[in-house]
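Fair warning: this is a prediction, and the values are worked out from it, not measured in the lab.
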Amino acid sequence: MSEIQVETRTESDASRAGNAPDSIPKLLARNAASRPSAPAYREKEFGIWQSWNWAEVAEEVNALALGLLDLGLVAGDHVAIIGRNRPRLYMAMVAVQSVGAVPVPVYQDAVADEMTYVLSHCSARFAFAGDQEQVDKVLEAGDSLPSLEQVVFLDPRGMRKYDRTRLHDYRELQDRGRANGEAARAELEDRINGQGESDTCVMLYTSGTTGRPKGVVLSNRNIIESSRNACEFDGVGAGDSVLAYLPMAWVGDFIFSVGQAYWSGFCVACPESESTLNQDLREIGPSYYFAPPRIFEQMLTSVMIRMEDAGRFKRRMFRHFMDLARRVGADRLDGKPLSGIDRFRYRLGELFVYGPLKNTLGLSRIRIGYTAGEAIGPEIFTFYRSLGINLKQLYGQTEASVFITQQPDREVRADTVGVPSPGVEIKIDDAGEVHYRSPGAFVEYFRNPESTRETKREGGWVATGDAGVLEAGTGHLKIIDRAKDVGKTADGQLFAPKYVENKLKFFPNILEVVVFGAGRDVCTALINIDLTAVGNWAERNNIPYASYQELAAHPEVYGMVERHIEEVNESLGRDPSLAGCRIHRFLILHKELDADDGELTRTRKVRRRIIEEKYGPLITALYDGSREVFAETEVTYEDGRKGTISAILEIRDVRLAGEDSGLRRAA
């Protein structure tokens, strides 16, 4: 490991000795020693892919760590990492760990107030900022961050005239580290070798669905054992590759792009920008892929839009072969026997439809795909598996170092999230809440002992907050909803809003749904349309519009959404346990739900309680028989300014098969 002598062994030696590296810097040393010329990172910049091998990464990390030592970073300090996915920001995390400090990734799209809260809560002394925008947000916090002493920026563009008293160029800091003497190198060596499995690896903040985000402290043991077990579960190795495009502050990105990458030695590729993501995905062709359901929903929406624009022959061919894929594709993927004619027809479909479609999406080389973060619609899940993509579900959370359950090959189903991951135990308490015990279970919530005690129970069991059932015989876990959101309607029927919301979001025209009904006579919904999908439909049907608000209020858009709800209601009505979840009334919101407005988390989860408070008058109108309601809502613009938008929103009844339309009233 480039001049720094770290106590480590090659992978085979460590396995035989039962003494694998117990920190990320030691895993880096192992990879640099055992596969120095193998690719570790790729990044596309100015249209060109650049690569770093493991030996080069080790040298860069050491140089940066020595520079941080020279700046006075001490063991136990917290260091914020702010920016988009870039190899040098991942290297910064490992350099921080090498010194014995704790990296704290922060969502790059967080507004200044959100960023200030995180940096203040963890008392960050140092911060790495990807570019001028992130530096400005940190500097804007000013006196709110008395503990913050130094800021290191990666991209120097726009920074020439900034006061450099507390600002440092990333590469200049590395050069400063390289110039350090033997005493500094010996100190760094001692700090790396002095770390063990119980030391903190990273602190990641929760999404804050129900309140302020909490700092989740994860140890080296949590990350490394979870990464090792998950790699062994799916046979992930050095020959695999991933595209790192999800927020660096999300535990899913950290476990895939750092934990598993450093354990197995595979290559992590970073896209050039969000706008080039799809093209970069096609060029890299990763073999290991992870995305939340929203990404798969967006991909499916783009496919459906393209097919609507295609000629009649292509549309007929697509529908024909997709009908075949839905019937036999999943069975083929699971190795089940097919008839000769079905095998032949599927090969034709692969040639004319499935193969080109997977290539367009950048999923041609996927060997293992995972989705998590929230439930994925069964229809969406089945669509990808029918194409021959080995998409599986996992269930996890930040507090578990991601993995609680995974789906083994040939046991993949849309209605479960799999069996307990290796080393994980699961139980369901009397109230139906899922609990787990795992080597990945977090150490504590930072500076929050009360919440730690509420979540970590006696015997090492961790409460997830999710309601679920373990399937008898198979051991598969089914997640129903967030425990606090599952309830009953006024007549005692089951109310599971997330299940209904996911079924509606299968339709490309619907982006987001929030369903209400707990303790009520009927269920109602607030709807967000997908501007891309509905806008494309409007253009094809010569429907003019000037804004999201105007399109959302169009009568034909209301009619289209109403038909989607009727279709879902018909499906729910066939299941007696879910019939009470059918939607009776709805309105289409005049704005998209937005994380900047506090309505979604940074991982795009609905903050249901905030929605209930913010849109209380609209919800009241859904239940009092009103035909329309006036809405005035505060919004946050991209530059941080606040404003308001207002509209008169139509409220529409939905016809239910076998029942009178409209709002049922209690007798």
Side-chain angles (χ1 to χ4, degrees), residues 23-25 28 60-108 110 112 114-156 159 162-180 184 187-188 191-192 195 199-205 215 217-218 248-249 254 258 446-447:
S23 72
I24 300 298
L28 173 58
E60 291 221 18
V61 167
N62 282 336
L64 186 59
L66 288 166
L68 292 172
L69 277 180
D70 200 47
L71 278 182
L73 187 64
V74 300
D77 281 345
H78 290 93
V79 181
I81 312 289
I82 314 162
R84 66 176 177 86
N85 311 77
R86 301 194 67 178
R88 284 194 168 94
L89 288 183
Y90 287 114
M91 294 181 210
M93 282 200 267
V94 184
V96 168
Q97 293 167 332
S98 299
V99 176
V102 179
V104 184
V106 181
Y107 287 100
Q108 68 157 344
E114 294 172 328
M115 188 176 294
T116 300
Y117 170 76
V118 172
L119 270 62
S120 175
H121 183 260
C122 72
S123 300
R125 281 192 64 215
F126 286 34
F128 280 84
D131 54 27
Q132 182 186 19
E133 178 186 356
Q134 308 304 337
V135 170
D136 287 345
K137 283 194 281 189
V138 173
L139 296 180
E140 182 183 332
D143 296 337
S144 301
L145 299 173
S147 63
L148 188 66
E149 299 174 12
Q150 310 289 345
V151 178
V152 182
F153 58 87
L154 178 57
D155 189 341
M159 305 289 296
Y162 279 54
D163 180 1
R164 296 297 183 92
T165 304
R166 296 194 305 153
L167 294 179
H168 307 273
D169 185 289
Y170 185 105
R171 293 167 183 82
E172 291 176 2
L173 185 59
Q174 285 182 309
D175 292 338
R176 184 170 165 179
R178 292 183 181 103
N180 271 335
E187 181 181 351
L188 178 58
R191 290 201 188 188
I192 295 175
Q195 297 176 41
D199 290 296
T200 301
C201 178
V202 67
M203 188 158 78
L204 299 164
Y205 277 79
V217 178
L218 298 172
M248 293 179 68
F254 188 84
V258 179
F446 187 65
R447 293 178 176 170

With the side chain counted from C-beta on, respond yes when Y162 and Q132 share a heavy-atom pair under 4.5 Å apart, and no when they do not. yes
Do you know the tightest heavy-atom contact between G67 and N180? N-ND2, 4.5 Å
What distance do F126 atom CZ and L71 atom CG have between them, rounded to the nearest 0.5 Å? 5.0 Å
Can you give me the closest heavy-atom contact between P25 and I192, atom names plus distance? CB-CG2, 4.1 Å
Can you find a heavy atom in the side chain of D199 that is under 4.5 Å from one in the side chain of S23? no
Between the side chain of R178 and the main-chain N/O of A63, is any donor-acceptor distance below 3.5 Å? no
Distance in Å, L66 CG paired with Q174 CD, rounded so as to fall on 0.5 Å steps: 10.5 Å
Between CG of D169 and CG of D175, what distance do you get to the nearest 0.5 Å? 8.5 Å
May I have the step-by-step check of side-chain contact (heavy atoms from CB on, under 4.5 Å) for E133 and Q108, ending in yes or no? CA-CA 9 Å; E133 178 186 356; Q108 68 157 344; over 6 Å; no
Could you go through the side-chain contact (heavy atoms from CB on, under 4.5 Å) check for M93 and F128 one step at a time? CA-CA 9 Å; M93 282 200 267; F128 280 84; over 6 Å; no
Decide yes or no for R447 and S123: does some side-chain heavy atom of the first lie under 4.5 Å from some side-chain heavy atom of the second? yes
Exercise: identify the closest heavy-atom pair between S147 and A124: OG-O, 3.2 Å
Looking at CZ of R176 and NE2 of H168, how far apart are the two atoms once the value is rounded to the nearest 0.5 Å? 6.5 Å
By the definition side-chain contact (heavy atoms from CB on, under 4.5 Å), identify the one residue from H121, M203, R125 that meets it with H78. M203
Spacing of N62 atom CG and M91 atom CE [to the nearest 0.5 Å]: 12.0 Å
With heavy-atom distances below 4.5 Å as the criterion, would you say the side chains of Y90 and N85 are in contact? yes
Run through V152, L89, V104 and flag the one making a side-chain contact (heavy atoms from CB on, under 4.5 Å) with I81. L89
Hey, does the side chain of Q195 reach the backbone of Q97 with a donor-acceptor pair shorter than 3.5 angstrom? yes
For a quick test of reading the model, state the closest non-hydrogen atom pair linking T116 to S144 and the distance between them. CG2-CB, 3.7 Å
Distance-only, no hydrogens or angles: does the R166 side chain make a donor-acceptor pair with backbone N or O of L148 under 3.5 Å? yes
Could you walk me through whether F153 and V138 pass the side-chain contact (heavy atoms from CB on, under 4.5 Å) check? CA-CA 11 Å; F153 58 87; V138 173; over 6 Å; no
E140 vs M115, test: side-chain contact (heavy atoms from CB on, under 4.5 Å). Steps then yes/no. CA-CA 10 Å; E140 182 183 332; M115 188 176 294; over 6 Å; no
Check: V202 and L204 side chains under 4.5 Å, non-hydrogen atoms: yes
Kindly indicate whether the side chain of M248, heavy atoms from C-beta on, has any atom under 4.5 Å from the side chain of V106. no
Between CZ of R164 and CE of M159, what distance do you get to the nearest 0.5 Å? 6.0 Å
Please confirm whether the backbone N or O of E114 pairs with a side-chain atom of Y107, one donor and one acceptor, at under 3.5 Å? no
Taking the side chain as C-beta and beyond, is there a heavy-atom pair between P103 and V79 under 4.5 Å? no
Closest non-hydrogen atoms of L69 and A184, given as atom of the first, atom of the second and distance, are CD1-O, 3.8 Å
If you take all heavy atoms of Y170 and A92, which pair is closest and at what distance? OH-N, 3.9 Å
Where the side chain of Q134 meets the backbone of G83, is there a donor-acceptor pair that is under 3.5 Å apart? no
